[in-house]
Amino acid sequence: MSDQIKFIVDNLNKEPFRKNYNLITFDSLEPMQLLQVLSDVLAEIDPKQVVDIREEMPEQTAKRMLSLLGILKYRPPGNATDMSNFRQGLVIGSKPVIYPVLHWLLQRTNELKKRAYLARFLIKLEVPSEFLQDETVADTNKQYEDLMEAFKTLHKECEQLKTSGFSTAEIRRDISAMEEEKDQLIKRVERLKKRVETVQNHQRMLKIARQLRVEKEREEFLAQQKQEQKNQLFHAVQRLQRIQNQLKSMRHAAADAKPESLMKRLEEEIKFNSYMVTEKFPKELENKKKELHFLQKVVSEPAMGHSDLLELESKINEINTQISQLIEKKMMRNEPIEGKLSLYRQQASIISRKKEAKAEELQEAKEKLANLEREVSVKTNQTREFDGTEVLKGDEGTRVRALVLEDPTCRGATKPMHHNY
């Protein structure tokens, strides 16, 4: 209780109350004076509570204070019987009732100010249903609810702006700095105008300068368009190169297109695809499903403590011991048929692993081949851009077509330029 009184006295002596109390003078206050102190604290939270309780009936004082404390969500200690004692103590100004209220209010004054402010706009006024049958009353009540929702939204946005780090003082400084910079630019433009007016034919020169600026902007726009068209051309050349590679591969396949070789190649491809679809991919899918099921099981279980981990470790050790014992018993039997079967199983497992490894190597080789083809296409395009020539390979590898560079020095040439390869 002494710490509580000391906290109350310290806060009442500060701004904005400035009561100049000490422990003795505060503890010796009369019930009416103590109620006035409580009313002053409530008035600091809600300005509507500024009242001289000497001019107010005790029942009105208690009702006003109880109403505001209910809005502020103050919960008196105890049960329903203590609640009636609390109301009675608030009416007579009892110290065991007033001191906890003052302590609770002074601990969270800023928070309670915000709560009291919002309560003025968010505590809904209940209208009896029989009055809502009137269209005018119903429309007014609907507007009232819409305004309440709008207030909630605006208040939330205001709080977000307050906590976003923007400072009005900084914004004002930025605005003033930009205004000063604007004034300086205006003065500079005026000085330049005066200097230009002294020059002969300044109007014609200004017109030419404007035309130059327009042409420079047009030049930038055309350069941007040129770059976009270059990018489109580059993608088109890449696509053409891919199609040419496909055509060459098809021609190469058609060159030795004997029925036996084609059937053999198709059978090998079908076997490989069938293996990937029927064996490799289902195994990988089943492993992923098991892993997902295990992870979901781990996530669904509650968090494990140190004791749970120790218990699991002991179970794992026990199961490992049982497995070791079973393996030893199996080895002690040493049945010849079981030994042959285990040998066959081991050989089948080795062959299966080798098959999977070769399939993965084949898949990686296909991907590597596709990457190399893309790199060849890119290098070919780069070479074509750098030296202006196009080298045709494959069936047309012996023919070289030279492109004349778009250089002013070559415009007067009577013969096309050729490069030696």
Side-chain angles (χ1 to χ4, degrees), residues 1-128 144 147-148 151-152 154-156 158-159 162-163:
M1 181 63 73
S2 61
D3 293 337
Q4 190 180 68
I5 296 174
K6 187 175 183 302
F7 176 81
I8 295 171
V9 171
D10 290 341
N11 282 273
L12 289 176
N13 291 334
K14 296 177 182 177
E15 292 288 342
F17 304 106
R18 294 184 295 179
K19 295 293 186 180
N20 294 325
Y21 289 139
N22 56 40
L23 295 177
I24 298 173
T25 56
F26 180 74
D27 194 50
S28 61
L29 291 175
E30 295 293 330
M32 188 67 68
Q33 295 173 333
L34 195 59
L35 282 173
Q36 185 63 54
V37 172
L38 178 59
S39 180
D40 294 341
V41 175
L42 292 174
E44 177 62 26
I45 295 172
D46 185 5
K48 290 184 178 181
Q49 303 296 321
V50 179
V51 176
D52 189 352
I53 62 172
R54 292 174 298 181
E55 301 175 357
E56 190 178 33
M57 297 297 293
E59 293 80 6
Q60 293 178 351
T61 302
K63 184 178 179 181
R64 175 174 58 83
M65 291 182 177
L66 285 172
S67 176
L68 182 58
L69 289 174
I71 292 172
L72 300 178
K73 298 181 180 180
Y74 175 73
R75 295 290 181 267
N79 50 25
T81 306
D82 295 333
M83 191 68 186
S84 61
N85 295 332
F86 172 78
R87 291 193 186 94
Q88 186 178 1
L90 193 63
V91 172
I92 63 176
S94 176
K95 292 180 181 179
V97 174
I98 302 297
Y99 285 175
V101 176
L102 286 172
H103 184 264
W104 185 81
L105 293 174
L106 294 172
Q107 273 184 325
R108 46 185 67 81
T109 304
N110 293 329
E111 176 188 349
L112 296 177
K113 282 182 179 180
K114 180 179 177 181
R115 191 175 297 174
Y117 168 75
L118 293 176
R120 292 167 52 191
F121 305 99
L122 298 181
I123 293 181
K124 189 175 180 180
L125 179 64
E126 296 296 336
V127 181
Y144 167 69
L147 289 173
M148 186 178 293
F151 173 79
K152 290 180 182 179
L154 291 175
H155 179 73
K156 188 181 295 184
C158 180
E159 291 296 323
K162 286 181 180 178
T163 57

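Position 1 is the first residue of the sequence, and the numbers go up from there.
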Heavy-atom count around K63 NZ within 6.0 Å, excluding the residue itself: above 12?
no
Using ring-ring contact (aromatic ring centres under 6.0 Å, His included) as the criterion, list what pairs up with Y117, not counting sequence neighbours.
F121
Q36 versus L29: any side-chain heavy-atom pair under 4.5 Å?
no
To the nearest 0.5 Å, atom CD1 of I92 lies from atom CG of L35 at 9.5 Å
To the nearest 0.5 Å, atom CZ of R108 lies from atom NE2 of H103 at 9.0 Å
Restricting to side chain to side chain donor-acceptor pair (under 3.5 Å), what partner residues turn up for S67, sequence neighbours left out?
none
K124 to M148 - nearest heavy-atom pair and separation
CA-CE, 3.9 Å
Look at D46 together with R120 and state whether they make a salt bridge at an N to O cut-off of under 4.0 Å.
no
With side chains defined as the heavy atoms from C-beta onward, is the minimum distance between I5 and Y99 less than 4.5 Å?
yes
Please name the residue in the list L66, I53, V91, L90 that meets the side chain to side chain contact (heavy atoms under 4.5 Å, CB included) test with T61.
I53
So do V127 and Y144 actually touch side chain to side chain, heavy atoms under 4.5 Å?
no
Please walk me through it: do M65 and Q49 pass side chain to side chain contact (heavy atoms under 4.5 Å, CB included)?
CA-CA 9 Å; M65 291 182 177; Q49 303 296 321; 5.7 Å; no
Ignoring hydrogens, what is the shortest heavy-atom contact between G93 and L34? Give both atom names and the distance.
O-CD2, 4.0 Å
Please evaluate residues D27 and Y21 with respect to the criterion side chain to side chain donor-acceptor pair (under 3.5 Å), reporting the C-alpha separation (whole Å), side-chain torsions for both, the decisive distance (0.1 Å), and the verdict.
CA-CA 9 Å; D27 194 50; Y21 289 139; over 6 Å; no
If only atom types and distance count, is the side chain of N13 paired as donor or acceptor with the main-chain N or O of R18 below 3.5 Å?
no
Rounded distance [0.5 Å steps], CG in D10 versus CG in L23
8.0 Å
About how many Å separate CG of L68 and NZ of K48, when rounded to the nearest 0.5 Å?
11.0 Å
Spacing of CG belonging to L118 relative to CD1 belonging to I71, to within rounding of 0.5 Å
11.5 Å
Residues which pass side chain to side chain donor-acceptor pair (under 3.5 Å) with R115, listed by chain and number, not counting sequence neighbours
E111
Looking at Q107, I'd like to know if its CD atom is crowded, meaning that more than 12 non-hydrogen atoms belonging to other residues, nucleotides or ligands lie closer than 6.0 Å.
yes
Can you tell me how far the CZ atom of F26 sits from the CG atom of L12, to the nearest 0.5 Å?
6.0 Å
So, does S28 use its side chain to make a donor-acceptor pair with the main chain of I24 at under 3.5 Å?
yes
